[in-house]
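Worksheet for the structure shown next.
In what follows, every heavy atom counts, from backbone to side chain, and hydrogens, waters and symmetry copies are set aside. Throughout, protein chains are lettered first and strands after them, A, B, ... in sequence-line order, and every chain is numbered starting at 1.
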There are 2 protein chains.
Amino acid sequence: MATQTRERILDATAELFRRHGYTGTGLKQIVAAASAPFGSVYHHFPGGKEQLGAEVVLRSGRMYFELFELIFDAEPDPLEAVRGFFLGAGETLRVTDYADACPIGTVALEVASTNEPLRLATAEVFEDWIVRGAARFEGLGLEPAAARALIIQFVALLEGAFMLARAAKSLEAMERAAEAAVALTRAALQQSVDTAG
Amino acid sequence: MATQTRERILDATAELFRRHGYTGTGLKQIVAAASAPFGSVYHHFPGGKEQLGAEVVLRSGRMYFELFELIFDAEPDPLEAVRGFFLGAGETLRVTDYADACPIGTVALEVASTNEPLRLATAEVFEDWIVRGAARFEGLGLEPAAARALIIQFVALLEGAFMLARAAKSLEAMERAAEAAVALTRAALQQSVDTAG
DNA sequence: GTCTATACTTTGATAGAC
DNA sequence: GTCTATCAAAGTATAGAC
């Protein structure tokens, strides 16, 4: 079915983007990994590689935020949820030999100055994470500005830790990032209690 | 002179890596930007693009750490130095229309799973920053483990903030990263005083 | 030794057979 | 509508003129 081919192409592209980035991933590589004929890329994505890339970025962004929500729904203690999210990302990294990190981060740095439609797609994903993540922290009593600041610091720590961990093939940076995120969250929650009280 | 050509090639490559990344930068693009004949790349870098890339990564790593030391030598208050370093990086980003970030970060994510010599070069740079940065914080009274943790968190925050800032073409993430770095530093210094006292 | 011309591969994209 | 054959351009690398 056509939809299945489309799905396979999107999945294969996301996988390849994580390992090789946007410019490092060829359309021929993609159709080979998706077991699809070459022409099907342009059938399903008339805009070519750029359109396919943008859809993969947006789709991956949604999937990662769902994972974030899953963990925060399951863990009542926000500090433990924060720790669990970072260490879970680290565990995925480790079991895939430090290959499966965030497909958006790599693409974001590559295209920021060269491909405006794709830059906008990465910016949209990050802003969506920030807005929806901030809403969660507001639910814990944080002021809007404090909640937004905290989630921005999370994303920066997470993406930076992905970079360091993949380069070193070590979880050390992810563990230190987890500790920083927990400390920042604890301080923000404490601050909100002090202000309210 | 031969050395000048070599320098021009290294400078041009570093500049292009920041904007287009490793796979996105072609050798033809490099020699054009450096006003050098094509053959001179292989004359000065017999290992081709890979050797050139590794040298650029190591060289850029040294330059960025020198900048870090310059700022920390000039500012006696460590909290102000931390803030100044992050905001200075943000200012450079802004005046270059969010193009001139860290040439190592982009390359690091691209090559982590595809080019082992280059991955090792990026890992070497990050580890060098961490070791030498930690030495500075130990000088302020931090335990070795605490100093190492703090500088790792800095680098993660900085690289992550570069990513978010370039995607959004906004300094917001860099400003929040600066605040996080200052807060983490303040807490670490306080902790070391408490322990010593 | 500096540089030019070229070889060979792979890229994104398209036209047209079936 | 699915897929194959092919395009022009750009990629890295090399051979050889001067």
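- When rounded to the nearest whole Å, the span between CD of B:E50 and P of D:dT12 equals 12 Å.
- Of the candidates A:F126, A:F137, A:F72, A:F85, A:F154 forms a ring-ring contact (aromatic ring centres under 6.0 Å, His included) with just one, namely A:F137.
- Nearest nucleotide to the B:Y42 side chain, out of D:dG11, D:dT14, C:dG1: D:dT14.
- The nearest whole Å value for the distance from the NZ atom in B:K49 to the P atom in D:dA10 is 15 Å.
- In this structure, the CD1 atom of B:I30 is 11 Å from the P atom of D:dA13, given to the nearest Å.
- Looking at A:E127 and A:R148, a side-chain N of the basic residue comes within less than 4.0 Å of a carboxylate O on the acidic one, giving a salt bridge.
- Using a 4.0 Å heavy-atom criterion, one finds that A:T23 contacts no nucleic acid atom at all.
- Counting non-hydrogen atoms under 4.0 angstrom, A:G26 reaches the backbone sugars and phosphates but no base.
- Of all nucleotides listed (C:dG12, C:dT2, D:dT2), D:dT2 comes nearest to the side chain of A:H43.
- A salt bridge between A:E75 and A:R83 is absent, with no side-chain N of the basic residue lying under 4.0 Å from a carboxylate O of the acidic one.
- Regarding A:L27, its CG atom lies at a distance of 16 Å from the P atom of D:dA10, rounded to whole Å.
- Not one side-chain nitrogen or oxygen of B:K28 sits closer than 4.0 Å to the OP1 or OP2 atom of D:dA10.
- In this structure, B:G39 reaches the bases: a heavy-atom distance under 4.0 Å links it to at least one base atom across the strands shown.
- Atom OH of B:Y22 is separated from atom P of D:dG11 by 13 Å (rounded to the nearest Å).
- Between the P atom of D:dC3 and the CD1 atom of A:I9 lies a distance of 10 Å, rounded to the nearest Å.
- Atom CG of A:L16 and atom P of C:dT11 are 11 Å apart (whole Å).
- With distances taken from any side-chain atom of B:Q29 to the nucleotides D:dG11, C:dT2, C:dT4, the minimum falls on D:dG11.
- Taking both residues in full, the closest heavy atoms of B:G53 and B:L118 are given as C-CD2, 3.6 Å, listed atom of the first, atom of the second, then distance.
- Salt bridge annotation for A:E15-A:R19: present, with a cationic side-chain nitrogen under 4.0 angstrom from a carboxylate oxygen.
- As a whole-Å value, the separation of B:F38 CZ from D:dA15 C1' is 13 Å.
- Of all nucleotides listed (C:dA13, D:dA13, D:dT4), D:dT4 comes nearest to the side chain of A:P37.
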